[in-house]
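Here's the structure we're looking at; comments come further down.
Below, chain A is the first sequence line, B the second, and so on; all start at residue 1.
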Amino acid sequence: MNPFKLNTKTTWCPGCGNFGILESLSQVLEEASLKPQDVLVVSGIGQAAKLPHYIHAHGMNTLHGRAVPAAMGAHVANPALKLILTSGDGDTYGEGGNHLLHGIRRNLDIVHMVHDNQVYGLTKGQGSPTTAFGQVTRLQYDGMKSDPLNPMAFAISVGCGFVARSFSGDPKHLKEIIKAAMAYKGYALIDILQPCVSFNQVNTFKWYKDRVFKLPETYDPHDKVRAFEMAQQFGDEGIPIGILYQEQKTDFLGRFSHLEKPLVQYERSPKAVDTLLDELL
Amino acid sequence: MNPFKLNTKTTWCPGCGNFGILESLSQVLEEASLKPQDVLVVSGIGQAAKLPHYIHAHGMNTLHGRAVPAAMGAHVANPALKLILTSGDGDTYGEGGNHLLHGIRRNLDIVHMVHDNQVYGLTKGQGSPTTAFGQVTRLQYDGMKSDPLNPMAFAISVGCGFVARSFSGDPKHLKEIIKAAMAYKGYALIDILQPCVSFNQVNTFKWYKDRVFKLPETYDPHDKVRAFEMAQQFGDEGIPIGILYQEQKTDFLGRFSHLEKPLVQYERSPKAVDTLLDELL
Amino acid sequence: MKKTIVIGGAAGEGINTAAQFVERMVKEKGLYFLSYKNYMSRVRGGYNFTTLTVSDVPVHSICDEADFFLALNEEATQFAKLHTAPDGLIATTETTSESGLISLKSEALDAIKNKNSGTMAGVGAIAAYLGFERDKLMHLEQTKWSEVINRQNAEAAALGYALFQSVEHPVWQLKEPEKPQIMLNGNTAVALGAIAAGAGFYCAYPMAPSTGIMAYLMKKQKTTHMLVEQAEDEIAAMMAAIGAASNGVRAMTGTSGGGFSLMVESLGFAAVSEVPLVACNVQRPGPATGLPTRTEQADLLFTLFASQGEFARIVLAPTSVSDAFYTTFRAFNLAEKYQVPVLILTDQYLADSTVTTNRFETEALKIERYTQTEPIEDYKRYEFENYIGNRKYPGIDSQSVIMTDSHVHDVYGHVSEAQDVTNALKQKMMAKMKMILEDLNKPELVGVSDYKHLMIAWGSTAGIVREAVEMLNENGQKVAALCFSDIYPMSENVLEAYVKPGVTVVNVEGNATNQFGKLLRMETGVKYARSINRYDGRPFTAKGIVQSMEVIVNESI
Amino acid sequence: MKKTIVIGGAAGEGINTAAQFVERMVKEKGLYFLSYKNYMSRVRGGYNFTTLTVSDVPVHSICDEADFFLALNEEATQFAKLHTAPDGLIATTETTSESGLISLKSEALDAIKNKNSGTMAGVGAIAAYLGFERDKLMHLEQTKWSEVINRQNAEAAALGYALFQSVEHPVWQLKEPEKPQIMLNGNTAVALGAIAAGAGFYCAYPMAPSTGIMAYLMKKQKTTHMLVEQAEDEIAAMMAAIGAASNGVRAMTGTSGGGFSLMVESLGFAAVSEVPLVACNVQRPGPATGLPTRTEQADLLFTLFASQGEFARIVLAPTSVSDAFYTTFRAFNLAEKYQVPVLILTDQYLADSTVTTNRFETEALKIERYTQTEPIEDYKRYEFENYIGNRKYPGIDSQSVIMTDSHVHDVYGHVSEAQDVTNALKQKMMAKMKMILEDLNKPELVGVSDYKHLMIAWGSTAGIVREAVEMLNENGQKVAALCFSDIYPMSENVLEAYVKPGVTVVNVEGNATNQFGKLLRMETGVKYARSINRYDGRPFTAKGIVQSMEVIVNESI
Ligand SMILES: Cc1ncc(C[n+]2csc(CCOP(=O)(O)OP(=O)(O)O)c2C)c(N)n1
Ligand SMILES: Cc1ncc(C[n+]2csc(CCOP(=O)(O)OP(=O)(O)O)c2C)c(N)n1
Ligand code: SF4
Ligand code: SF4
Ligand SMILES: [Mg+2]
Ligand SMILES: [Mg+2]
């Protein structure tokens with residue numbers, strides 16, 4: 001039995017893409033020979049963000065939009081835990097946009113899985129930052145008035161070292177990408193196309209299925225400008241899935257040379273201030 | 001006499017790049033034959049953000065990081081006012097990062113001038129999102145631990161239709177760029193290199209002067225991928241100034257076809273609900 | 001006569017649709033109702049139910065116990081057995097032979113190949129149970145759906161109707177209502193109040209249970225010439241509203257507690273820059289994410305003191321759907337009169353309760369802007385001793401230049417650090433609070449005048465308490481209630497006329513810490529002797545309050 | 001004996017440097033001082049000044065009036081004339097022949113080609129004025145600057161010293177202090193308290209006047225094995241602290257009112273998920289951006305009720321620099337004991353006041369973590385009736401799996417919407433508040449025991465009031481003061497032992513609305529009879545309070 005699996009009933013709708021993501025993640029974690037005690041799954045608020053309740057591992061179901069800084073704190077406290085962030089497109093790119101930007105600048109060592117259903121699911125169907133321009137939603141009766149965010153181009157431009165896209169409807173591909181992200185030391189962003197059967201009647205399973213294509217073997221993910229160009233492709237012209245961009249750089253904690261071990265492992269004593277007090281004499 | 005000029009003493013340090021920005025802006029506004037009553041200058045909080053107090057025009061000195069949404073509200077209320085946003089790099093890319101991202105997605109019709117001194121000036125010298133990696137500051141004694149944000153690449157990637165850089169030490173260039181931004185209908189972001197004589201001992205006037213170069217006449221700002229490539233250049237390899245990217249698209253208010261005039265001009269009456277109440281009978 | 005219908009099932013099984021059909025029939029019959037949605041924070045599945053209390057007089061509270069329970073699945077059937085009155089009826093879409101349960105299933109029903117046929121049979125059953133004529137079911141044929149579906153629905157309903165036609169029917173004391181009745185919930189009432197007040201801009205971020213305000217306004221933005229925008233977060237929502245309000249357009253935002261938390265800094269900005277902002281906090285249980293789709297009244301003290309520093313603000317808490325309309329309307333006039341932020345506190349109970357109520361009167365409503373359109377030499381936007389009517393905004397005339405600032409500022413709106421300016425600004429804020437006090441509505445006393453127990457309630461609970469008082473008085477209890485809709489600022493003497501020797505004060509609130517009770521003690525020195533609290537995320541019911549009060553009254557005998 | 005030195009000039013003219021030299025000399029002399037920075041929200045120019053009150057006994061308050069004023073420019077010289085005692089001296093770096101002003105200028109001084117020579121001459125003058133031996137100026141030669149500069153500084157100081165050598169000198173009652181004295185300000189004391197408590201992570205966003213806490217910790221992060229991170233905004237700062245605290249590391253954030261406003265939602269998250277978080281709000285005047293570099297105590301009620309819903313929290317407000325250290329230390333133990341957020345309220349006065357004080361004692365301090373390291377079968381992280389000592393965090397043992405959640409949740413931390421769970425969670429919060437109450441320090445009564453007037457003060461004002469009481473008692477006034485450092489939860493009986501018939505309660509607060517007075521009335525029913533308030537952005541002084549109290553005392557005679 002996969003130790004990450006729980007018997008909990010989810011609150012997701014039958015047919016939702018979230019199930020595939022949960023399943024793929026659980027499998028990858030098991031295949032990596034990790035134990036539930038080795039993994040911390042952090043999320044914000046939303047349908048996707050309920051995932052930590054459905055997997056047997058340490059979990060933090062935080063606030064809407066605030067998963068990234070919470071994950072940073074957890075990570076600096078105890079980097080021994082494998083850190084997974086799993087949240088929605090609204091959570092990540094909407095309310096949480098600023099934290100994503102700066103989390104990437106820090107190059108936190110994290111696997112950030114965005115369940116991108118191009119809609120606000122939990123709040124019943126409003127447009128999200130990735131909803132297409134003009135698309136009609138349960139709130140935007142007259143169509144979206146903002147240009148959609150391009151998460152891949154965004155991540156590449158702000159210096160993310162692992163930028164990938166996958167599709168909940170292609171578990172094999174998804175697992176591969178999650179594995180690669182877990183192997184990467186630094187900020188690994190995976191935007192996962194995830195059909196929302198209840199509120200997104202445009203970007204359906206079929207819609208995605210008909211458009212996604214795997215990046216060719218010949219594609220070199222190390223050319224930033226080329227990656228940016230590839231990231232421009234979305235929609236009817238096809239949607240590339242795979243690792244669009246990859247670059248190695250020192251991760252956040254690697255930049256602090258003065259720490260010899262995880263913060264949580266230091267024994268501390270009030271006596272530590274004695275020498276500091278001496279400086280004030 | 002330039003009607004935009006005030007006799008107020010500023011609280012800026014002698015020699016600060018902010019003076020040049022204020023001067024250039026005042027001149028451009030005058031040369032555009034605008035009156036102080038035609039212009040609204042919005043800002044957040046910081047040294048740069050004090051500018052609305054130093055120019056004779058309508059002003060909103062809002063909260064740290066919150067200038068963009070305040071400007072959006074002002075703009076939807078009264079688009080007849082020429083909207084200028086003038087704020088710092090910390091304000092715009094740090095505390096306010098999420099609003100910048102989504103303000104651009106809306107394509108607000110605005111000239112957004114970022115006084116980018118690569119430091120937090122008003123709070124006395126902490127690193128900002130644009131401070132170079134490893135650079136020592138008044139707070140980061142051990143050097144910056146985050147990768148700097150590339151504002152040009154960021155803006156291009158999130159769909160900004162007018163992305164430019166200028167330098168407070170080259171008023172002629174700066175004025176030209178501000179003029180072009182004012183002529184542009186949509187979100188015009190100008191990142192202005194601005195030496196902070198008090199707290200940034202690295203990115204000095206000379207440092208910028210030695211590195212900036214004007215984009216060649218032959219440069220075509222309409223090629224997004226090329227622009228992204230150009231945006232990668234910063235620092236010792238030289239810093240391109242000029243319009244890096246330009247693209248025309250409908251501005252925010254142009255996307256709402258149901259408004260015939262500025263919101264502030266509608267006469268309103270409680271009777272407006274009568275027909276709506278009838279629907280509830 | 002009062003009958004309570006409960007429709008229970010999983011999200012997605014048509015509870016809302018069924019309830020809407022019933023509501024329409026009830027209203028057409030000339031009866032009153034209040035229907036409340038009790039739902040989980042999920043999209044499909046789970047156990048949700050709507051409670052509809054029908055009466056021949058206006059209703060302010062639901063009953064917990066069903067007279068008729070329509071159970072749309074097995075789980076609901078189990079709940080039905082627990083929550084139906086001993087003499088009540090349970091209809092289920094399940095096959096059952098259990099005594100006490102009536103199955104809507106039949107071969108004829110199965111023959112209608114439509115996944116909602118069971119629910120529709122239930123609608124028919126309810127119509128029959130309530131004693132309505134069969135033609136009240138006509139609405140099922142006049143919907144947005146296809147002709148086939150409409151016909152199938154009508155057929156299913158007819159089957160359900162037939163099944164319950166012969167049960168005993170309530171005898172309604174039908175009387176023509178004095179005023180035409182409309183049907184809406186609290187969120188829609190707030191939205192309509194804003195439209196009536198001439199709001200031009202609404203900016204918000206989706207958050208249960210407040211999203212309905214934005215949704216209604218968005219739907220109507222074309223005919224009302226408004227601009228309604230979904231912001232990237234709540235900070236942006238409030239800042240955008242402030243930006244519009246400070247530029248001459250009446251503007252509003254709405255959210256629930258978590259979103260309001262994010263707006264706190266901006267609230268102070270609106271206050272110090274004297275921008276007339278209106279914001280509605282539709283309360284849900286906290287802390288933090290809490291219970292997203294449930295109800296509570298636990299944000300009161302937070303709302304009163306939110307944001308650093310001290311400034312003038314107004315807090316209003318409508319007690320009913322109808323009050324929500326008029327109070328929201330008034331909020332805009334107050335905001336512009338005193339140039340202060342006005343906060344409206346509702347809650348999920350009020351937001352998600354649909355009622356029949358008198359059609360709102362717009363004749364007497366007047367939009368009052370208190371702006372200054374005359375040109376003024378050396379105009380001082382923020383004159384320290386000028387409180388009302390001196391407001392200009394950018395573009396209001398061709399000569400003024402207007403500054404809006406978040407610092408301590410001088411009369412022109414320019415930053416100042418001077419001691420006298422700091423003092424003057426603060427004193428202006430305090431002076432405003434004094435003036436506002438005179439302008440707010442006093443609490444309303446309901447019940448017998450020779451009361452021995454005085455209940456105190458605010459916001460939506462006050463509406464429910466009103467009904468409880470009627471019931472208690474009918475039972476001969478000497479009880480009254482003081483109902484607060486206008487909350488803050490509060491007068492030190494507000495209780496003077498009501499709390500007399502021998503009167504026991506009973507505080508009734510939808511929270512655990514008696515926040516309004518604390519406020520009263522803080523402002524008036526009066527402390528309640530007893531309290532009735534509910535904080536399990538569910539609304540009070542009049543009957544529940546009556547029971548609690550009876551215990552309290554008996555104790556003191 | 002008490003002498004007040006004021007050093008005034010523009011930002012960038014060396015006020016801080018001069019003050020630091022003087023502070024060092026005073027301390028070496030074996031005297032006590034409190035020095036307070038009064039500065040504008042700008043980097044260069046403007047008018048700033050530091051006030052240094054020197055005494056042979058510990059100092060808790062500055063005096064407004066200078067005995068010696070060092071004016072570093074023309075503007076400062078004008079101020080000096082207004083703010084110097086009639087028998088005081090004014091030294092100016094300007095050339096002047098005006099009577100009452102002593103110019104530090106001389107040919108010899110001009111000959112020292114150093115832009116700071118005037119300021120350094122002033123340092124020398126102060127040393128002479130205070131009657132210090134010339135060798136106390138030695139520090140000027142031992143700095144981080146170049147040898148040339150050090151020598152020039154010393155020469156300039158010698159010239160200033162010579163000029164004032166012959167003025168009348170105070171006679172200090174020097175006594176060897178019982179304990180070794182350290183010299184630091186309130187921000188550093190908070191930072192040291194956190195280090196002593198074993199904090200591993202501090203995350204904040206720069207904001208005056210709180211930045212000093214982060215700056216000190218950042219400087220020491222290597223030796224203390226901490227990680228100090230500047231966040232992108234205050235929301236991130238608090239969320240990161242919560243993330244660390246919930247994973248076993250003591251963590252803290254600090255900010256001022258505007259930043260705290262942004263943290264409000266996260267605060268509720270810490271509370272509901274029972275994360276031991278410590279946060280310090282260094283108050284400055286609001287509303288909104290307010291007066292960034294000034295002082296006020298106007299965030300109290302906001303702090304007490306911030307965030308939606310109801311939960312357990314602790315609010316502490318240290319009354320002095322030394323208290324700031326011990327209170328911050330204690331905050332971490334309390335946070336972990338009760339698994340609640342602890343909020344520390346200081347203000348710009350405390351943060352930017354440098355004092356001499358007894359070296360902090362670390363011997364008696366004990367870090368108490370209240371964690372559960374034993375393996376437990378079916379471990380319930382959030383057991384409803386288990387308040388202390390049951391805490392595990394991820395990784396604490398090899399078997400537990402820990403969930404942290406922002407919803408209403410069950411004992412395992414999993415989302416629940418059940419009524420009984422909702423009730424149990426709320427009751428747990430309320431029960432915690434009761435327990436915490438027993439653990440907090442009672443207020444301290446200072447002054448004569450047969451008082452007729454009882455002042456009430458909290459936080460930094462309490463420190464100043466303490467000194468005022470001494471002065472009043474010396475003048476024979478029957479006055480005492482009740483000083484609150486531990487603020488909330490508050491006992492209903494807290495005033496019982498102190499407020500007796502015939503005692504007039506005088507509330508003293510650095511705000512306009514008497515927020516602590518309101519809190520006392522809300523919790524105890526006692527309302528102050530009179531109040532002394534200051535809200536112009538400047539701190540109280542003991543002398544100012546004495547004057548106000550004398551008026552009040554005389555009135556009631
Ligand atoms: C501060 C705050 N604002 C708003 C909400 C309401 N809210 C909950 S989930 C959600 C959006 C969810 O969309 P997404 O992140 O795309 O997740 P999905 O449900 O689609 O998986 C919103 C707006 C909230 N919980 N907190
Ligand atoms: C909510 C909030 N957080 C922090 C601050 C403190 N603060 C004021 S200005 C500033 C940074 C200014 O940097 P930048 O925007 O680059 O402007 P500059 O002063 O460099 O022109 C900060 C952190 C604040 N005023 N409000
Ligand atoms: S609402 Fe959409 S995203 Fe959420 S569970 Fe249902 S199908 Fe999935
Ligand atoms: S601190 Fe820097 S940015 Fe601010 S005014 Fe001085 S030089 Fe200019
Ligand atoms: Mg989504
Ligand atoms: Mg800057």
Positions in residues 253-264 of chain D that reach chain B, provided some heavy atom is under 4.5 Å away:
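Heavy-atom contacts from residues 253-264 of chain D to chain B are L262(D).
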Is chain D contacted by the side chain of Y93(B), its backbone, both, or neither, given a heavy-atom distance below 4.5 Å?
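Neither the backbone nor the side chain of Y93(B) comes within 4.5 Å of chain D.
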Of the backbone (N, CA, C, O) and the side chain (C-beta and beyond), which part of S198(B) lies under 4.5 Å from a heavy atom of chain D, both, or neither?
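It is both, since atoms from each part get that close.
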For residues [X] and [Y], determine if any side-chain heavy atom of one lies less than 4.5 Å from a side-chain heavy atom of the other.
X       : Y      : value
P14(B)  : R44(D) : yes
M207(D) : H64(B) : no
T11(B)  : M40(D) : no

Rounded at 0.5 Å granularity, tell me how far OG1 in T211(D) sits from CG in L139(B).
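T211(D) atom OG1 to L139(B) atom CG measures 8.0 Å (nearest 0.5 Å).
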M214(D) versus chain B, the contacting section by heavy-atom distance below 4.5 Å:
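Both parts, heavy atoms under 4.5 Å.
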Contact class of S41(D) relative to chain B, heavy atoms under 4.5 angstrom:
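For S41(D), backbone and side chain are both near chain B.
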Closest non-hydrogen atom pair, [X] against [Y]:
X       : Y       : value
T10(B)  : R42(D)  : O-NH2, 3.4 Å
Q230(D) : G127(B) : NE2-O, 3.0 Å
T289(D) : T62(B)  : OG1-O, 4.0 Å

Among K9(B), K124(B), Q140(B), who wins on heavy-atom pairs under 4.5 Å with chain D?
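Sorted descending by pairs with chain D, the first entry is Q140(B).
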Contact winner vs chain B - M218(D), Q221(D), E232(D), heavy-atom pairs under 4.5 Å:
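Of M218(D), Q221(D), E232(D), M218(D) has the most heavy-atom pairs under 4.5 Å with chain B.
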Sub-4.5 Å heavy-atom contacts with chain D: which residues of residues 141-151 of chain B show up?
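Listed by number, the contacting residues are Y141(B), D142(B), S146(B).
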